[in-house]
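Here is the naming used below: chain letters follow the sequence lines, and residue numbers restart at 1 for every chain.
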Amino acid sequence: MPFTLATWNINSVRLREGLVADLLETEAPDILCLQECKSPVEKIPMERFRALGYTHMIARGQKGYNGVAILSKMPIEDVGDKDFASLGHARHIAGRLENGATIHNFYVPAGGDKPDREVNEKFGQKLDYLTEMRDWFHAERPERAILVGDLNIAPREDDVWSHKQLLKVVSHTPIEVEHLGAAQEAGGWVDVTRKDIPEGQLYSWWSYRSPDWDAADKGRRLDHVWATPDIAGAAHGSRILREVRGWTQPSDHAPVFATFDL
DNA sequence: ATGGTGGACTATCCA
């Protein structure tokens with residue numbers, strides 16, 4: 001049975017409860033993975049989503065920061081989380097569907113402003129987080145797995161509005177791209193979005209600080225859908241819903257979709 | 001080189 005999955009950094013699920021409901025109503029993905037819920041699990045407005053058919057939810061939360069959740073129309077079993085880099089943050093959760101597929105939902109640390117771990121502890125934590133992801137995928141090579149989330153890195157030149165101007169900007173520095181690539185390679189992960197849309201500029205995030213985000217279009221592709229090679233061939237129909245960035249009181253991220261025939 | 005905006009939560013941290 002095919003299912004459609006979406007990933008969206010919502011930047012407060014409580015403030016944007018209505019936008020989540022709008023996306024669920026208009027696009028009706030079978031599964032929606034959220035990041036930056038910024039809410040304890042018990043305060044996620046689950047009733048609204050349940051009424052729309054999303055009767056299953058697994059989540060990790062904390063007050064004010066981070067937080068990941070998976071809303072699903074299909075049963076999903078909570079199969080745990082990992083505290084990479086021992087930050088004590090709610091940045092990962094994994095769930096298993098009845099068809100045997102595992103979904104990893106990640107919110108990788110943003111990494112602060114300066115791309116230098118000597119002066120910016122957050123940048124070091126981001127690199128350490130990615131290194132521990134790599135080591136985990138190396139030790140327990142994932143199968144029949146999908147990895148989504150805000151990975152806070154735009155790896156390709158055509159994943160940013162200006163490769164040259166962003167080489168020293170956190171999210172596109174060579175060392176981050178290298179660390180993300182090592183984690184990807186360790187799991188054998190296929191970049192599903194780029195499998196489906198191999199050519200051209202592709203963004204999922206536009207800063208709040210740019211007043212005319214649409215016209216300026218200084219975006220980055222920070223949000224990703226990956227799959228292990230055994231099921232990557234079943235993926236198709238990837239798209240990024242850019243128009244969602246233009247909704248009233250939006251998140252700074254747009255949702256990314258993919259369909260899997262499993 | 002700087003500041004620009006937005007969210008959580010009360011003065012500042014984080015993105």
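Contact between the side-chain N/O atoms of A/Lys63 and the OP1/OP2 oxygens of B/dA8 is not found at any separation under 4.0 Å. For the OP1/OP2 pair of B/dG7 and a distance below 4.0 Å, the side-chain nitrogens and oxygens of A/Arg16 include at least one atom meeting the criterion. For the OP1/OP2 pair of B/dA15 and a distance below 4.0 Å, the side-chain nitrogens and oxygens of A/Gln35 include no atom meeting the criterion.
For the C1' atoms, the distance linking B/dC9 with B/dA15 amounts to 15 Å, nearest Å. Comparing B/dT10 with B/dC14, their P atoms are spaced 14 Å from each other, to the whole Å. Distance check on atom P: B/dA11 versus B/dA1 gives 34 Å, rounded to whole Å.
For A/Asn11 and A/Ser251, the side-chain atoms include no donor-acceptor pair closer than 3.5 Å.
Atom NZ in A/Lys218 sits about 15 Å away from atom P in B/dT5, given to the nearest Å. What separates CG of A/Asp252 from P of B/dG4 is a distance of 18 Å, to the nearest Å. Atom-to-atom, CH2 of A/Trp213 to C1' of B/dA15 comes out at 18 Å; the value is rounded to the nearest Å. Atom-to-atom, OH of A/Tyr208 to C1' of B/dC14 comes out at 13 Å; the value is rounded to the nearest Å. Whole-Å rounding puts the A/Asp113 CG to B/dC13 P distance at 13 Å. Straight-line distance from the CD atom of A/Gln125 to the C1' atom of B/dC14: 12 Å, rounded to whole Å. Protein atom CD of A/Gln62 is 10 Å distant from nucleotide atom P of B/dA15, rounded to whole Å. Going from atom CD1 of A/Ile10 over to atom P of B/dA15 covers 17 Å, rounded to whole Å.
Between A/Tyr208 and A/Trp213, the gap from one ring centroid to the other reaches at least 6.0 Å. Two rings, from A/Trp136 and A/His104, have their centers less than 6.0 Å apart.
Map A/Pro109 and A/Leu15 each onto its nearest nucleotide of DNA chain B; the residue landing nearer the 5' end is A/Leu15. Nearer the 5' end of DNA chain B, as judged by each residue's closest nucleotide, is the contact made by A/Arg14, out of A/Tyr65 and A/Arg14.
Counting non-hydrogen atoms under 4.0 angstrom, A/Arg91 reaches the backbone sugars and phosphates but no base.
At least one test fails for A/Arg117 against the ring of A/Phe123: distance under 6.0 Å to the centre or angle within 45° of the axis.
For B/dA15, the base has a donor-acceptor partner in the side chain of A/Arg209 [N/O atoms by modelled type, under 3.5 angstrom].
Under a hydrophobic clustering in which Ile, Leu, Val, Met, Phe, Trp and Tyr are joined whenever their side-chain heavy atoms come within less than 4.5 Å, directly or via other members, A/Val256 and A/Leu34 fall into different clusters.
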